Number of protein chains: 2
Amino acid sequence: MEPLFIGVDVGGMSIKGALVTDHGEIRYKSHKKTDASQGPGSFLKDIKDLLLEMIEFAKNHDGVVKAIGFGIPGVVNNKKGTIDYAANLYMEDINLVQYLSDLKLPIYLSNDANVACLAEVRYGAAKNYKNVVLLTLGTGIGGGIVIDDKLFEGCEGKGAELGHTVIVVDGEPCGCGRRGCFEAYASASALLRYTRDEMINNQNSLMWKYCKGNIENVDGKTSFECAKKGDISANFVINMYVKYLSEGILNMCNIFRPEGVLLGGGLSNQDEYLVSKVRAYCAEKNYGYKHCPAPDILICKLKNDAGVIGAATLAMEELNSKE
Amino acid sequence: MEPLFIGVDVGGMSIKGALVTDHGEIRYKSHKKTDASQGPGSFLKDIKDLLLEMIEFAKNHDGVVKAIGFGIPGVVNNKKGTIDYAANLYMEDINLVQYLSDLKLPIYLSNDANVACLAEVRYGAAKNYKNVVLLTLGTGIGGGIVIDDKLFEGCEGKGAELGHTVIVVDGEPCGCGRRGCFEAYASASALLRYTRDEMINNQNSLMWKYCKGNIENVDGKTSFECAKKGDISANFVINMYVKYLSEGILNMCNIFRPEGVLLGGGLSNQDEYLVSKVRAYCAEKNYGYKHCPAPDILICKLKNDAGVIGAATLAMEELNSKE
C-alpha cells in the first residue's frame, strides 16, 4: 500500500485537499465550496467530510493515509494544533486537532505561506536552494522562510509574518493594528491604491481607458498593462510599487542573506516584467556591495497546488522527524 | 591539560583576547592597543602577537588551545575565513585564516554582534532561552540571532544585519547606502540627533543646562538624565527614540517570534528605565493580540566580556560540530 499524506489548503470560501505521495506527486484532488462566515460549526464539518472522502479514496486505491497537514491563513499554534486567530476564516481559538481526533491520524498545522514555501523548496522554483524567503503578493503579503533546508516558523509557528514588518513608521494603517507595514505598501491591495491615486491625479492616463472610465474596474493588471504600452503614469505606479517591494525584499536579504527570494501570489503572474525591475533595484542597494551575494529572485512555480502539496509535505516531514 | 579556546574581540582601536574554558569561564585576558587606520599589516601583526601570547600563557598554565574564534565588526565570509569588508578596521578582502595558518589551529570568524548573542544565550541574560534576537545599541545597531539554540548567521555568515533593515523608506541616510535603516533611527547616534534637534527647538530645555550650554557636550545620557528629572523636551526625545526602537523590535518579533529580545550596547545601561518603556510600547502593538506571546525584553549581562566569551564559544561549538 502506498503511503500518502493529505494536504489541506484552507480558505474562507473553499477548502482544497489532495492526496500527496512522499515525492510530492498528487494522486487525488478534491475541494469543497464553503462559507466561513457562517460560523465554525459547518466549516469544520466541511473539513472533516473532505478528509473522510480522501481517506476513503486512498483506501480504495491501494493507498494509506499516514498524516494530515493544514495550511491556515492566520495565526496557529503548531504545538497545540489550534487555529488561534484567522480573520478570513472568522475563527478564534479553534482546536482543529482535537476536533479531528476521531480520525486517529497525526495532524500538523502551519501558516499557508509557510507551507507554500516548503512546497516550492521541495518541488518547485527553489528546488536547489536551501535558504529561501517567500513572499506572496496578494490581498496581503504572506511570508515563508526556509533555513538550512528546514521550514522556520518561529515560536509556536507564529513567526514569518514578513508582511507585518513596518517599512514606513507612521505610514498607511494595516489590518494588524500597526501603521506602515510592508503589506500596506507592497501587496496587490497597495498596488490598487497607487493605481487609483495616480488615475485621480492624472485624468489623461491610459489607465482610464483601460478601465473603461470607471475606477471601480481597476485591478492588479491595470497599471502593468498600461505601463507595458508606455503610459507614463502607469509606469510611475509600477516604479513606486517596485520600490516598496524591493525595500522590503532588501530587508529580508539583510536579515537572512538567503540564496533565493521567491515571489508568489497574484502579482507574481507579471513574471519577468516585474522581477527584472525588482532585481535591478535590489542589485543597486545590496548591502556590503560586492561583498554580499545578491539572492536569486524567483517566481513560484506550483501556483494553486503549492498549498496542498506544501501542507502534505509538512505532515510527512513532521511525522518523519518524530519517528 | 585543560582544553581552552581563544576568543578575540576585534575593534579599530583595540584588540581584546581571552582564554576561555568550555564552560565560558575566562582563564586569562589580554589586549593590545592598536590603530587599524595604519593599514592591515601592523594590525594583523598585533593580532598574531596577541594570539601567541595567549597560546604561550595556556602552555605555561596546564592548558592547551583547541581553536580560535573572532568577533569582527563587519562583513565576513565564515566559509573562506575572510574579512570581506569592515569600515572601522579599514579592511577589505583580508584572508585572516590564511594569515594565521602557521598557528596550525582551527580558526572561526563571525560578526561581533553574532558572537555577543551566542555568549548571552550560553552564559548571560538569555541563558534559559533557545530563540533570541539581540540588538546592540551603539554608534550603529548590530544584530545577532539564535534559533533553536543555534547561532543563525545567514549565508556565508552575512545575515543578521538587523540594523540595516529600513523602517522609514526615503528616511535618514545610512552608512550602508540605503535610507531609513533601523540603525539610522534607533542607534545611540540617532538618539544624539534627536537630542540636539530638540535642544535647538527648545532653548528652555533642561538639557542645555545639563550640557553646560554647549551642544557639543550632548551624549547618550543627556536626554535620559533630564527626562528622569521631568524635563518635557527630554521626555519627548526619549519617547521618540523608544518609538523607533520598539517598531524595529516589533518587526523582529513578527519575523522570528523569539522568546527573548536582548538589548546591549551603550544605551542598554539605561536598563529598566528604557526597557519598561519599550515593553509597554511593544505590548500595545503586539501582532495577533493575545494570540501571540510577547517576548521577554532583556538587558545583556556580560557587557565587555560578551565579545571574547562569544568568540571563544563560537570556536568551541564550530570545532565540536566538525568532530
Side-chain angles (χ1 to χ4, degrees), chain A residues 74-77 82-85 92-93 130-131 143 145 147-148 150 152-171 176-182 185 243-244 247-248 250-259 284-293 295, chain B residues 74-77 82-85 92-93 130-131 143 145 147-148 150 152-171 176-182 185 243-244 247-248 250-259 284-293 295:
Chain A
V75 176
V76 305
N77 182 321
T82 51
I83 301 173
D84 288 359
Y85 184 67
E92 211 175 330
D93 292 324
K130 293 195 186 309
N131 296 282
I145 303 162
I147 294 174
D148 240 343
K150 241 188 87 189
F152 171 73
E153 304 173 275
C155 290
E156 298 181 0
K158 286 173 174 158
E161 288 292 349
L162 307 183
H164 298 292
T165 53
V166 165
I167 63 168
V168 182
V169 169
D170 292 333
C176 77
R178 290 171 79 195
R179 280 180 168 273
C181 281
F182 186 28
Y185 284 87
K243 171 183 166 168
Y244 286 112
E247 288 288 349
L250 285 165
N251 282 357
M252 298 310 144
C253 291
N254 289 351
I255 296 171
F256 292 101
R257 198 69 57 213
E259 295 149 352
E284 199 191 317
K285 306 252 183 178
N286 193 35
Y287 180 76
Y289 312 98
K290 58 172 183 162
H291 300 292
C292 283
Chain B
V75 176
V76 305
N77 182 321
T82 52
I83 300 172
D84 288 359
Y85 184 67
E92 211 175 330
D93 292 324
K130 294 195 185 309
N131 295 282
I145 303 162
I147 294 175
D148 241 344
K150 242 188 87 189
F152 171 74
E153 303 173 276
C155 290
E156 296 180 3
K158 287 173 172 158
E161 288 292 351
L162 307 184
H164 298 292
T165 53
V166 165
I167 62 168
V168 182
V169 169
D170 292 333
C176 76
R178 290 171 80 196
R179 279 180 169 273
C181 282
F182 186 28
Y185 284 86
K243 171 183 166 167
Y244 286 112
E247 288 288 348
L250 284 166
N251 282 356
M252 297 312 143
C253 291
N254 289 351
I255 296 172
F256 293 101
R257 198 69 55 211
E259 295 149 351
E284 199 192 319
K285 305 252 182 179
N286 193 36
Y287 179 77
Y289 312 98
K290 57 172 184 163
H291 301 292
C292 282

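Note that the structure is predicted; figures quoted are calculated from it, not measured. Residue numbers begin at 1 in each chain, while the letters A, B, ... track the order of the sequences.
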Which of A:K130, A:E259, A:H164, A:K285 touches chain B most, by non-hydrogen pairs under 4.5 Å: A:H164

B:N254 backbone acceptor or donor facing A:K158 side chain under 3.5 Å: no

Partner chain B: residue of A:G143, A:A160, A:G180 with the largest heavy-atom pair count (under 4.5 Å): A:A160

Residue pair A:Y185 / B:V169, side-chain heavy-atom distance below 4.5 Å: no

Part of B:D148 lying under 4.5 Å from any heavy atom of chain A: side chain

Top contributor to chain A interface from B:L162, B:N131, B:D84, B:D170 [non-hydrogen pairs under 4.5 Å]: B:D84

Region of B:K243 that comes under 4.5 Å of a non-hydrogen atom in chain A: side chain

Heavy-atom pairs under 4.5 Å with chain B, option from A:G159, A:C253, A:C155, A:G248 with the top count: A:C155

Chain B contacts, top residue of A:E161, A:R178, A:E156 (heavy-atom pairs, under 4.5 Å): A:R178

Check: B:F152 ring centre within less than 6.0 Å of B:F256 ring centre: no

Whether A:E92 side chain and A:Y85 backbone form a donor-acceptor pair below 3.5 Å: no

Heavy-atom side-chain proximity of B:I167 to B:N251 below 4.5 angstrom: yes

Note, B:I255 side chain near A:I255 side chain (heavy atom, < 4.5 Å): yes

Residue A:Y244 versus chain B: region with a heavy atom under 4.5 Å: side chain

From CE (B:M252) to CD (B:E247), nearest 0.5 Å: 11.5 Å

Interface residue of largest heavy-atom contact number with chain B, from A:V168, A:N77, A:T82, under 4.5 Å: A:V168

